[in-house]
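Report on the structure given below.
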Amino acid sequence: MYLGVNIDHIATLRQARYAGNIDAHNAEPDVIAAAAICERAGAHGITIHLRADRRHIQDEDVFRLRKNLTTKMNLEMGNTPEILEIALRVKPAEVCLVPEHRREVTTEGGLDVAGQFDALKPTVARLQGAGIRASMFIEPAREQIEASHRIGAEMVELHTGAFANATDDAQRAELARIHEASVFANGLGLQVNAGHGINYTNIALIRTVPHLAELNIGHSIVARAIFSGLDAAVREMLAAMNG
Ligand code: PXP
């Protein structure tokens, strides 16, 4: 299983002090340095979300990371013309389309690919026309997987947030949903990724799900890095993922 480290919260910390002045000589922590540490620790990719409100990752970060990454960039974005134009200029290896609401603390729920099919289809086509692989961040539900397949996406990223927030029987039920969704998506020929709320504890259950190609993990790794350092935090997650 591959690991994409989401470094949005490295930028969150920088923005807390240097918003509007990220080029200052003392602006820290540096997202380029953070990405390099993740890559050296074995991460297979770097994931970032350029939000419409620019609350963490900034446009300049995206372009600088694109030049400096030695692995691949997975750019998460809402389906808006402004961000799409940026994605087409940056040309990351992959784009993951996500729902985005201004007041949310973090991405809430999956993208309604079935309901927004006509609005999403041209975006997927333009991304793919530029050589960018497309992923849809969706709830682990058949309807959304079928729609992602019909729209021509190469990948789905199954939203693991409900699983991560549940406990006991409810969590086991969510895990079963993810399991079933992964088998179904794989059967349609989609690459299956997962993300949101995955941490050092629940990874033990997530890794039992078949066909998962890549996990995108951010908050738990960045949180652990405060105590143990980013290199150790990434290595520990990779070990937990792959046993
Ligand atoms: N995948 C997607 C599509 C996301 O939107 C996020 C959160 O930005 C993540 C993965 C990472 O979630 P977390 O920070 O909870 O690990």
Side-chain angles (χ1 to χ4, degrees), residues 1-13 15 31 34-35 38 43-57 61-62 65 72-80 83 87 92-102 104-113 120 127 133-140 144 148 153-166 174 178 181-182 185 190-203 205-207 209 212-226 230 233-234 236-238 240-241:
M1 235 188 312
Y2 279 18
L3 171 64
V5 179
N6 180 314
I7 59 167
D8 290 347
H9 295 310
I10 303 283
T12 300
L13 191 54
Q15 295 305 104
V31 294
C38 294
H44 305 90
I46 299 296
T47 295
I48 49 174
H49 185 175
L50 183 66
R51 296 186 69 106
D53 64 10
R54 308 300 200 274
R55 70 174 69 160
H56 37 55
I57 292 292
D61 293 325
V62 184
L65 284 163
K72 70 179 165 72
M73 174 184 287
N74 170 28
L75 179 65
E76 295 176 359
M77 54 171 267
N79 183 27
T80 67
I83 307 289
E94 298 170 359
V95 157
C96 182
L97 290 166
V98 303
E100 199 177 298
H101 313 288
R102 267 182 193 263
E104 68 192 359
V105 174
T106 181
T107 315
E108 285 169 4
L111 189 64
D112 183 7
V113 183
L120 289 164
L127 291 168
R133 297 177 78 226
S135 179
M136 314 305 268
F137 184 51
I138 54 168
E139 292 298 321
Q144 300 299 341
S148 301
E154 283 90 351
M155 302 169 278
V156 288
E157 179 169 331
L158 301 176
H159 193 313
T160 49
F163 157 83
N165 290 330
E174 286 298 333
I178 295 167
S182 186
L190 289 158
Q191 178 178 321
V192 190
N193 304 330
H196 212 281
I198 299 175
N199 60 33
Y200 294 86
T201 306
N202 64 28
I203 184 62
L205 293 173
I206 288 292
R207 59 176 283 208
V209 175
L212 289 181
E214 184 169 313
L215 303 181
N216 286 302
I217 308 179
H219 188 272
S220 64
I221 291 177
V222 174
R224 179 151 302 200
I226 292 171
L230 189 52
V234 171
E236 200 179 327
M237 184 56 82
L238 281 165
M241 282 165 61

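Atoms within each ligand, like the ligands themselves, are counted from 1 in listed order. Start at 1 with the first residue, then count along the sequence.
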With heavy atoms of Val98 as the reference, note each atom of ligand 1 found under 4.0 Å away. 3 (C)

For the residue pair Asn193 / Gln191, report whether a side-chain donor-acceptor contact shorter than 3.5 Å exists. yes

List the closest protein heavy-atom neighbour of atom 8 (O) of ligand 1: residue, atom name, distance to the nearest 0.1 Å. Asn6 ND2, 3.5 Å

Please state which protein non-hydrogen atom is closest to atom 10 (C) of ligand 1 and give its distance, to 0.1 Å? Glu157 OE2, 3.3 Å

Nearest protein heavy atom with distance in Å, relative to atom 16 (O) of ligand 1: Gly218 N, 2.8 Å

Gap between atom CD1 of Ile10 and atom CD1 of Ile48 - 0.5 Å precision: 12.5 Å

Out of His196, His9, Arg51, Glu76, indicate the one that has the non-hydrogen atom closest to atom 2 (C) of ligand 1. Glu76

Protein contact to atom 5 (O) of ligand 1 [nearest heavy atom, distance to 0.1 Å]: Thr107 OG1, 3.0 Å

Identity and distance of the protein heavy atom lying nearest atom 15 (O) of ligand 1: Gly197 N, 2.8 Å

Would you say the side chain of Ile46 lies within less than 4.5 Å of the side chain of Cys38, judging by non-hydrogen atoms? yes

Answer yes or no: is there an ion pair linking Glu154 with Arg133, defined by an N-O contact shorter than 4.0 Å? no

Are side-chain N/O atoms of His49 and Glu100 paired as donor and acceptor at under 3.5 Å? yes

Taking Ala233's backbone N and O only, do any of them form a donor-acceptor pair with Tyr200's side chain (distance below 3.5 Å, no angle check)? yes

Can you list the atoms of ligand 1 that are under 4.0 Å from a heavy atom of Ile217? 16 (O)

Quick check on contacts: which atoms of ligand 1 are under 4.0 angstrom from a heavy atom of Asn216? 10 (C), 11 (C)

Which distance, rounded to the nearest 0.5 Å, do you find between the OG of Ser220 and the CE of Met237? 4.0 Å

Can you sort out which atoms of ligand 1 are near His219, meaning under 4.0 Å from one of its heavy atoms? 13 (P), 14 (O), 16 (O)

